[in-house]
Protein chains: 2
Amino acid sequence: MEQLEEFLAKIRERASAYIGYPASMDFDYTELYPLLRYNLNNVGDPFVESHFAMHTKSFEREVVQFFAELFHAPQKDWWGYVTAGGSESNLYGLYLAREMFPHGMVYYSEATHYSVQKNLHLLGMQSIVIRTTKSGEMDCDDFRETIQSHRHQPVIIMANIGTTMTEAKDDVVLIKDMLKKYAIKHYYIHCDAALAGPYLALLDKGHFDFRYGADSIAVSGHKFIGAPNPCGVVLVKKSNRDRISHAVSYIGSMDTTITGSRNAVTPVFIWYALKKLGREGLLRKAMESMELAAYAVDQLNRIGIRAWKNEWALTVVFPQASEEIRYKWQLASDGDWSHLICMPGVTRAQIDLFVADMKQEANAGRVGSLDRVYLS
Amino acid sequence: MEQLEEFLAKIRERASAYIGYPASMDFDYTELYPLLRYNLNNVGDPFVESHFAMHTKSFEREVVQFFAELFHAPQKDWWGYVTAGGSESNLYGLYLAREMFPHGMVYYSEATHYSVQKNLHLLGMQSIVIRTTKSGEMDCDDFRETIQSHRHQPVIIMANIGTTMTEAKDDVVLIKDMLKKYAIKHYYIHCDAALAGPYLALLDKGHFDFRYGADSIAVSGHKFIGAPNPCGVVLVKKSNRDRISHAVSYIGSMDTTITGSRNAVTPVFIWYALKKLGREGLLRKAMESMELAAYAVDQLNRIGIRAWKNEWALTVVFPQASEEIRYKWQLASDGDWSHLICMPGVTRAQIDLFVADMKQEANAGRVGSLDRVYLS
């Protein structure tokens, strides 16, 4: 089909300059294509089987268990499932928080992914936006002042473990200390670790997991690990989850997931990547990506562009590039800033080509915001 | 990988006796597998492009347009997107209804898919369950009596165009007449046409589309058309949709979908099927499936099992089969009833084998509910 051929040619070309979004293409799931001959469906709870046989729940459970262990979920008190992506994972965490504290106030920083606002509106939850510091993490002074005047309400924290724009991490330990200081007994902490969750946990950095206070964690499958389509995992405490489960006779399964019918191919993609790479392979990828991100900052700085990155981040932030460069390299922008993200699969050669493009532009005086420097 | 080989062998075997769930396996998307090498994402609104290039929105728009035309959506006043399945499509319709009528009362029949209750709880919407007739459609007497005592509230109808268990169709025309009779000006009708939508529309039966009063329609992609994973389409009136859209700077796109990141491979699967088959091919499949369903009813009746089906349905209902048969043929059950569904791909040979199993069981006196006959 001509339309298809043309599309594949276009995608092949555009994939060669894909450094702006957090979606690794460093995968090969060819061995799994035979699955696509069937109409599979992981309907309902991954831990409950039924007469329906066309599912991959055994693989899904292994994926959920991998992340439960990686994030130090409390033994025998965890539960989770593979979602359609970060939005659904966060929606699930917030839904659980609402069920526990229907009159709770949600606090999230202004650098939070836009889908969270949409989720909160969907769920009808009250919320307050907290200021961020320049590098993008929640301003804890602002947070402290704000909860001081809302001590009568349960607190629901939506913490970013890697914001969309600068990959900043909110300080879960500090947040928890403050809740303790103000004697707030009713609280729930959801961590959106969509992007940075896997590598921070592998490197034991960031201090955001269940040991440090998370009640639930959202993580993406298609970002650092990579998949042909968006997917994610949500991990919660089983004891909390039990509050929102309802027995459903039709499917012979507990009705605990947000979506009923669920993609059953994706969990096998993620399972396959985890099996092939193991923790060691994933850690190696993380280290390589970190090095490449540091290299990108260095190369951009060398040509006079004040690029910077947060600690343990793969996201490199720099003054907004021109429309041409943002189009070619598919760069997301926010205000004065653009970013690139050194996902697994991004190569040094790509960074060099990008830096050459930026240099040409800087020489032509077209980088307009070089003076709007953050970390000078 | 051994685990994978074993799984594929199991799935191959179980697929041969897969007649209990509405998920066609009559497809071959091999030509599309090259797409799976990329990390694609139809993030945000399908009708809005951004710098992000790794998407298949042009295909998605064609799919949405196909269904807009099939369901006679008002010219230039329709919008929609490819969802992760029926739950998300229904959630979107109900979300839109809530935004239009925040104090509306939702009415749905007791035969409604369990995910709707979950959606309503998520959205915090008030609802009343309406009785069904024996064959599974909304009891219009009960509906009339109920709205009579709630005339002060806007009415939100969640109509089933093919219930899960008996594939019964709620009468949208009659419902609309009643709303008129009671002078209810503020109402919204969402049609869950997940299963039966495509073939009813092709056959011009059911009278549920935009011409007859639907404000939004949910339809599944993986059911009648078939796909390796659940997917769906939601179609709404664009003028209604505009009420819930918010501009989002990060992605340079309008934030109008429920999930942010969305599967971009699935829309191409559905596009491919629609292109290959066309309306004619789909209609042919529908007719063949109808004939097979009638054949299944006939064959079961011949051996003394009082099977029946609703008009223009592919779902054949019969007294609950034994645990062995329900396991082998993966039959869903509800109360006294089991069903099989003659999706495209189900063969006469499979029906014959199933009927032989049922006959053996009936001869052994193991079909316990033969006397609980509905249409005798």
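Just so it is clear, the structure is predicted and the values come from calculations on it, not from any experiment. Chain letters run A, B, ... following the sequence lines, proteins first and then strands; every chain starts at 1.
If you measure heavy-atom distances from B/Gln117 to chain A, you find no contacts under 4.5 Å at all. In this structure, the portions of B/Thr56 lying under 4.5 Å from any heavy atom of chain A include both its backbone and its side chain. Interface remark: B/Ala227 contributes backbone atoms only to the contact with chain A (heavy atom separation under 4.5 Å). Neither the backbone nor the side chain of B/Asp28 has a heavy atom closer than 4.5 Å to any heavy atom of chain A. Within the 4.5 angstrom heavy-atom criterion, only side-chain atoms of B/Trp271, from C-beta onward, approach chain A. If you measure heavy-atom distances from B/Leu35 to chain A, the contacts under 4.5 Å come from both the backbone and the side chain. Proximity to chain A is limited to the side chain of B/Tyr18, based on heavy atoms less than 4.5 angstrom apart. For B/Arg12, the parts sitting under 4.5 Å from any heavy atom of chain A are the backbone and the side chain alike. Only the side chain of B/Glu62 comes within contact range of chain A, with heavy atoms under 4.5 Å apart.
Smallest separation of non-hydrogen atoms from B/Ser24 and A/Asn39: O-ND2, 2.7 Å. Between A/His121 and B/Arg98 the shortest heavy-atom distance is O-NH2, 2.8 Å.
In this structure, OG in A/Ser338 is found 9.5 Å from NE2 in B/His51, a value given to the nearest 0.5 Å. For the atom pair CE of B/Met25 and CE of A/Met54, the computed distance is 3.5 Å after rounding to the nearest 0.5 Å. Annotation: the span from B/Ser58 atom OG to A/Lys10 atom NZ amounts to 6.0 Å, rounded to 0.5 Å. The distance from the CZ atom of B/Phe52 to the CD atom of A/Gln330 is 7.0 Å, given to the nearest 0.5 Å. Taking OH from B/Tyr92 and CG from A/Leu122, the interatomic distance works out to 10.5 Å, rounded to the nearest 0.5 Å. For the atom pair OG1 (B/Thr30) and OH (A/Tyr33), the distance works out to 11.5 Å, reported to the nearest 0.5 Å.
Between chain B and the options A/Gly85, A/Gly86, A/Ala53, A/Ala15, heavy-atom pairs under 4.5 Å are most frequent for A/Ala53. Ranked by heavy-atom pairs shorter than 4.5 Å toward chain A, the options B/Leu32, B/Leu36, B/Asn41 are led by B/Leu36. Between chain B and the options A/Ala17, A/Gly232, A/Ala23, heavy-atom pairs under 4.5 Å are most frequent for A/Ala23. Listed options A/Glu323, A/Gln3, A/Lys276, A/Arg262 were ranked by heavy-atom pairs under 4.5 angstrom with chain B; first place goes to A/Gln3. For the options A/Ser87, A/Cys231, A/Pro230, heavy-atom pairs under 4.5 Å to chain B are most numerous at A/Pro230. Ranking A/Tyr272, A/Phe269, A/Phe27 against chain B, the residue ahead of the rest is A/Phe27, based on heavy-atom pairs under 4.5 Å.
Cation-pi geometry between A/Arg14 and B/Tyr38 is not satisfied (NZ or CZ under 6.0 Å from the ring centre, within 45° of the ring normal).
Of residues 219-226 of chain B, those residues with a non-hydrogen atom less than 4.5 Å from any non-hydrogen atom of chain A are, in numerical order, B/His222, B/Gly226.
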side-chain contact (heavy atoms from CB on, under 4.5 Å) assessment of A/Asn263 paired with B/Asn263 | CA-CA 10 Å; A/Asn263 193 316; B/Asn263 192 318; 3.6 Å; yes
